[in-house]
Asks: 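Below: one structure in structure tokens.
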Amino acid sequence: MLTLVFATYALVLVPSLLVFGQLSDRLGRRPVIAASLGVAMAGLALFALARSTPWLFAARAVQGLAVGAASGAATAALVELEPAGDRARAALISTLAQAGGSAAGPLAGGILAEFAPAPRTTSFVAGMVVTGAVLAALLATPGFPGRAAGAWRMQRPGVPPDIRARFARLALSGAAAWAVAGLYLSVVPSYAGALLHTSNLALEGVISALMLLASCAAQVVFRGGGAPERDQAAGLALVGAGLVALVVAFPAHALALVLAAALLAGVGHGMAFLGAQADLNAIAPPERRGEVTAAFFTCIYLGVAVSAIGVGIVATLASLQTAVAVFAGVAGAAAAVGIVWNVAVRREDAATRA
């Protein structure tokens, strides 16, 4: 049930991306982002008011709608607002915002739920205040580009034919990295709680946040490397190593292995996702940037949703330990394909330049 509630977010987010990716190209970035922040506040309000499981499904669906509307538009806006037109810097800010925000959620939420009054309400009220402040800042920010020419129509995410092969490789890197991050945001807190025989929400939140904070640190360290294929291959290799450590941690009953797994997977996530985002910004046509970015996030969140639901099903039929092991095998295989693909492209580019 936990993973189904989590996956509802991604399953609603994907069609939201399909609708709003091109809409932000046509209507402008600011209106779409502003509306999404308002919807996000409504989702947080539903969580704060929740009294039963159906409320949680409704709240996660509203959150998925909000994030789907904002993701492509905000990422495209960062590229367009970067003063020097530095797409690599825009990619860094975008990936830091996503990973850092995803880390701040379980970290702050776990601490507030463990130590603050009204544990099922306080964190969501705090989230509403922060989101409202961001909305006010957005409305006061000058310099947003205007709308593009052409009429909006609903369509599936579009990727120009000349970049589809490259896009598929980037989507695989991003989906593999974020599927593992999704595991840390959904199941790993329960996994760590069972391993450590604790129900401390602050500790469980820290373990989830650690993975994504490590991702942020890696993105800062490896920014401007100029070799996105290399970074994606190395990042996916570290993600695989982190999965191995996570699987071994349970029979070993070792907190150190859980923390090592989070650090390895986090650094790998940061390298792989930043490399993919930077490469995507470089190949996306300006007039279709929102649409192509939406297609990229569609692939990522489909990977997150399928993996989360799969882990939940296996955990229900067998055990949480088995579910994590099966996930590690599948995600590790996807990462291996991504490694081989990126290495092959890098060698091909090197041979072409020679």
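Bear in mind that the values here come from a model prediction, so they are computed numbers and not experimental data.
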Asks: With a 3.5 Å distance limit and no angle check, can you tell me whether Thr322 reaches the backbone of Ala318 through a side-chain donor-acceptor pair?
Replies: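 No, Thr322 side chain to Ala318 backbone: no donor-acceptor pair under 3.5 Å.
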
Asks: Quick check: is Leu257 connected to Val244 through a chain of hydrophobic side chains (ILVMFWY, heavy atoms under 4.5 Å apart)?
Replies: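 Yes; tracing contacts between hydrophobic side chains, which count when under 4.5 Å, links both residues.
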
Asks: Name the orientation class of the two ring planes belonging to Phe296 and Phe273 (parallel below 30°, tilted from 30 to 60°, perpendicular beyond 60°).
Replies: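 Ring orientation, 0 to 90° scale: parallel.
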
Asks: Hey, are Arg230 and Asn342 close enough side-chain-wise for a donor-acceptor pair under 3.5 Å?
Replies: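 On atom types as modelled, these side chains do not qualify, holding no pair under 3.5 Å.
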
Asks: Got Phe250 and Leu320 here, is their nearest side-chain heavy-atom distance under 4.5 Å?
Replies: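 Phe250 does not reach Leu320 side chain to side chain.
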
Asks: Specify the closest pair of heavy atoms between Gly43 and Ala59, including all atoms of both residues, with the distance to one decimal.
Replies: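 Shortest heavy-atom separation between Gly43 and Ala59 comes out as O-CB, 3.7 Å.
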
Asks: Please check if atom CZ in Arg89 has more than 12 non-hydrogen atoms from other residues, nucleotides or ligands closer than 6.0 Å.
Replies: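 At most 12 heavy atoms, drawn from other residues, nucleotides or ligands, come within 6.0 Å of this atom.
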
Asks: Spell out, yes or no, whether Val5 and Val306 are grouped together once hydrophobic residues are joined by side-chain heavy atoms under 4.5 Å, including indirect joins.
Replies: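 No, separate clusters.
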
Asks: Taking the side chain as every heavy atom from C-beta outward, state whether Ser215 and Val267 have any atom pair closer than 4.5 Å.
Replies: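 Heavy-atom side-chain distance check fails, nothing below 4.5 Å.
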
Asks: Once rounded to the nearest 0.5 Å, what's the spacing between atom CE of Met211 and atom CG of Leu183?
Replies: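 Atom-to-atom, Met211:CE and Leu183:CG are 8.5 Å apart.
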
Asks: Can you see which heavy atom on Val239 is nearest to which on Gly268, and at what distance?
Replies: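 Shortest heavy-atom separation between Val239 and Gly268 comes out as CG2-C, 3.7 Å.
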
Asks: Can you check whether Leu49 reaches Thr121 side chain to side chain, under 4.5 Å on heavy atoms?
Replies: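 Side-chain contact under 4.5 Å: no.
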
Asks: Between Leu2 and Val187, is any pair of side-chain heavy atoms under 4.5 Å apart?
Replies: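 Of all side-chain heavy-atom pairs linking Val187 with Leu2, none is under 4.5 Å.
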
Asks: Are there over 12 heavy-atom neighbours, none belonging to Arg120, within less than 6.0 Å of that residue's CZ?
Replies: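 Result for CZ/Arg120: open.
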
Asks: Same cluster for Phe327 and Val247 if Ile/Leu/Val/Met/Phe/Trp/Tyr side chains link at under 4.5 Å?
Replies: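 As far as the 4.5 Å side-chain criterion goes, Val247 and Phe327 are connected within one cluster.
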
Asks: Provide the closest heavy-atom pair for Ala176 versus Leu236 in the form atom of the first, atom of the second, distance.
Replies: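 Looks like CB-CD2, 4.0 Å.
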
Asks: State, yes or no, whether a side-chain contact exists between Pro160 and Val292 at a heavy-atom distance under 4.5 Å.
Replies: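 Yes, close enough: below the 4.5 Å cut-off.
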
Asks: Do Gln277 and Asn281 meet the criterion of a side-chain donor-acceptor pair at a distance under 3.5 Å?
Replies: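 Gln277 vs Asn281: donor-acceptor pair found between side chains.
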
Asks: Measure across Ala276 and Gly174 and return the closest heavy-atom pair with its distance rounded to 0.1 Å.
Replies: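 Heavy-atom minimum between the residues: CB-N, 4.5 Å.
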
Asks: Before giving the answer on side-chain contact (heavy atoms from CB on, under 4.5 Å), spell out for Met271 and Gln232 the whole-Å C-alpha distance, their side-chain angles and the decisive distance to 0.1 Å.
Replies: CA-CA 6 Å; Met271 294 178 67; Gln232 288 172 74; over 6 Å; no

Asks: For the residue pair Tyr9 and Tyr301, categorise the inter-ring angle as parallel (less than 30°), tilted (30 to 60°) or perpendicular (more than 60°).
Replies: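 It falls in the perpendicular class, over 60°.
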
Asks: If I compare all heavy atoms of Ala69 with all of Ser16, which pair ends up nearest, and what's the gap?
Replies: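 What the structure gives for the nearest pair is N-OG, 3.2 Å.
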
Asks: Any side-chain heavy-atom pair from Ser102 and Leu185 closer than 4.5 angstrom?
Replies: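 Answer yes - side chains close enough.
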
Asks: Does any non-hydrogen side-chain atom of Phe6 lie less than 4.5 Å from one of Val304?
Replies: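 Side-chain contact under 4.5 Å: yes.
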
Asks: Can you find a pair of side-chain heavy atoms, one from Tyr184 and one from Leu210, that are under 4.5 Å apart?
Replies: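 Of all side-chain heavy-atom pairs linking Leu210 with Tyr184, none is under 4.5 Å.
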
